[in-house]
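In each ligand, atom 1 is the first atom listed, and ligand 1 is the first ligand listed. These numbers were taken from a predicted model, which means no experiment stands behind them.
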Amino acid sequence: MLLLILLILVGTISGVHISDQNTSWTLTNGNSSIFVEGSVPGGVYTDLMKAKVLSEGDFYYRYNDLNYKWIGRSNWTYSTIFNVTQDLMTNSRICLVFDGLDTVAEVIVNGNIIGNADNMFIRYVFDVKDFLTVGSSNTLEVNFWSPVEWAASKYELQAENYIVPPKCVDPAFKGECHANHIRKMQASFSWDWGPSFPNMGVWKDWHLIGWNSLSLTDVLFSSTILDTMPSTPNTDLMPAWNISVKVFADATISHGSILGDLTVALDGTEIEITAPMSAFVEDHVATLVWNYTVPQDTVSLWWPNGYGNQSLYNLTVKWQEADGIESSSKKIRVGFRTVELNQELVDESYPEKGRYYRVVVNSVPMFMKGSNWIPAHVLPELVTEKYTRQLLEDARDTHQNCIRVWGGGIYESEDFYRIADELGILIWEDLMFACSMYPTDPAFLSSVMKETETQIRRLQHHASILLWASNNENEAALRGNWYGTASNFELYKQDYVKLYVEALRTTVLKEDPSREFVVSSPSNGLESEQEGYVAQNPYDDLYGDTHYYNYLSDAWSWRTYPRTRFASEYGFQSWPSFKTLKDVTTEEDWHSTSDMLQHRQHHPMGQKELDLQIGLHMHLPPLSDDSLQAFQHYLYLGQVHQAMAIKTESEFYRRGWSGLNDDGRGYTSGALYWQLNDIWQGASWASIEYGGRWKMLHYYVKNFFSPVLVSPWQDYEKLMITIVSDLTSDINDATLSVFVYRYDDISGPVKTKLENVTIPRQEAFVAISYDLWDDLQIDQLCQTDVNDPEDVCFIVTELTSLGEEISRNFLLLGKPKDSPIQNANIQVESIEQVSESLYDVSLSTDSISLFVWLETDIAGVFSDNGFIMTSKSHKVKFMAREATNVDDISKSLDIMTLSETFTSSTTKVVNNLPEKFLHENDIRNLLYDDEF
Ligand code: BMA
């Protein structure tokens, strides 16, 4: 309220008149049978929940996505009554501004249609002066069309011999068809990890604005370094910069120029400069450009997470009209860094060896360690700043320096990019096009160009933004005929180029020439461009980025994975924990083949593939066991599989950072696993469950992305140990310890090797290799009557420097199901409070325990989880995220370990995988005797 009064006061004294209206809204459906209180910003589902029209408990409870389908298939109206002051009416231009309307809407003021909207990502500015009356009885209605019906009608309008596919999403998605025909969050119609809840509503702020010259809307910022960066990184470096500030404003005049003074101030420096300027106005939008040189030793560099500080500076821009009192100002926060996507040839003499795809920030080549981001809720209005921060901090705390905002969601909130700036997380920003062909009619093109312009102007100033990419997997889809376009390939290719190259690339480069633009992900980058933007093989390992998914090979073997230049997507599914699932399910759902689980498994064949991978390495609970325990084992085993598979794959990518193989593959420069977060409680590739609970994978991320990684791997009879360092200085005095343990012997390693190593900065190198038989003698040390030596022992590696552990890792030589793993009795010995929210948890075991998993009802994170206990006692820390005490933690602490899941198993053992599966029954036959 105070802010409101302040805004109104400021508005009337000297600034643009922003009349923020704190009005109450109503929401009603098409036939007026429902009439409830509405929220703006907000959306239909949330309002119906608040009004208890939707009463099935949790919004995501059981089959609510099906039960609530009628909502997305109905039309809805938001209405309010607002006040117009005499003061406001004195302004020469008055507009109703919507920062976001979701999606197809007609806006009516005092009975007059003042405009229409059909793109969730555009900011709409409607002139309303002629339709307003002074007083408090002005009416505003926003009529929303059902997005489902509207998209279907657009689909129907297509010529019969030329459709824009897909015709619909896979039935396993349980979703709505034709999301590609409407400019809204594509995943709101469903995805292979998410439900269909096609929202409607005024999803961002709205304002009534009156002014007489300029109302500033966006400030763009770019900086070019004047000095060259020294080759040795120096975080204290304060070079000089040329900066360019470009200001956009809504103008009262439609064309011409407006005179005034522009002031630019950079907080924390002495820079505050006012200069007379003439704003150039076209179509009611004014542009002002201001260039300046920031001298040396004025500003510090902004660094990605793990490389230095994230220095940020407020930059304020103020416009003062020449002959009047009106002013308008805007503040952004900027960082000074250089960023580049290096695509040079890896070998000038052999162009056929391909190109780098390597990110260089402040002249430091950096391996991009990170993940892919999807919307944190299908209803954006329910995502809080706190939750966004927690998820991004979870990425920061697991050493991630890059997140890809995937193109089937939304251009994220201001909070998201602001926090990414603060945490040093580089953002690979897709434009919102994913897994579809898209229309290219003039109306669609002009809408998406406007969308791109809106979003780039809004986001461009963020230091964290690394690059723009225009679509997710559409080059690959076109080349791979995913949607049956092959018979008309040339036509769809023309459309592809028209949309992403001629329309969007041009728009992006016009708005932001300071950054790289890549057309698709995956793509071959420059090579795709040279091949006319649709490469013969967009997954080429020698160029650009790749997405790699393979659920039918041994996922715990590095040989399964491609040595790519940049892995921008890869992953494996698991289910969330029972603690997360139980909120939205009932007892009858708690079985791996229950209708409910089938319902929430949107990936066709997903459940079979997961069973296959669990069965390949561990003991899958038999289908006939319908106990809760069997279900919990199943969920746990899925998470173990996911963590192990992505660990294997991610370490493989990091090991490929330096050098090329004989076949030209290598210089892998990024690993962004799919996916960081979840949209609901369902089977997915996420490492963090809906609500924030870490899956086992997320704990593993912390280890496999650690700045220095010791990574053991097996090459037939050899144990190879690679060390990867992202550090910008060498470590000269490290000790590498290699331990061979027997599963059935907790008294200590049966073999230990110690080596002194020097770890060169920014390199992946094989520090040592041992012959498993000759050097480590596993044939003698790892014997039982029934097991192979490789199944009896496993390897633990440890890297220390000056007595401190810098990396610890393990390698299972065989499969756990074939190993003599003993039944472990794990006990909590004590829980002690160390500080306000920090607790020490001491555990004991009587035998070596694999994948020890701690879970509690209290929100929080353990310092380690899913670990191997190689000694009788082990201590971890618990960082609580809510107020708690020792008693509550100890009451709700559950421990699971792999040996527990062995007891009930009768499932068939899968040892070898056939080259190719012909049918899902092949997997069933491999795994089960009983029929589904
Ligand atoms: C890729 C992504 C997503 C999808 C994921 C898992 O295709 O771009 O579209 O959710 O794989 O299948």
Below 4.0 angstrom, N of the basic side chain to O of the carboxylate: do D541 and R563 qualify? no
Residue pairs passing the ring-ring contact (aromatic ring centres under 6.0 Å, His included) test where at least one lies in residues 389-411, sequence neighbours excluded: F121-Y411, W191-W406, W193-W406, W406-W674
Is there a side-chain contact (heavy atoms from CB on, under 4.5 Å) between S521 and H547 once you walk through the steps? CA-CA 8 Å; S521 174; H547 295 184; 2.9 Å; yes
Using 30° and 60° as the class limits, which term best fits the ring planes of F197 and F59: parallel, tilted or perpendicular? tilted
Identify, chain by chain and in numerical order, each protein residue with a heavy atom under 4.0 Å from an atom of ligand 1. W191, D192, W193, W406, C435, N472, E473, Y549, E569, W674, W685
Starting at CG of N199, measure out to OG1 of T103 and round the result to the nearest 0.5 Å. 8.5 Å
Can we say E475 and R479 salt-bridge, meaning some charged N sits less than 4.0 Å from an Asp/Glu carboxylate O? no
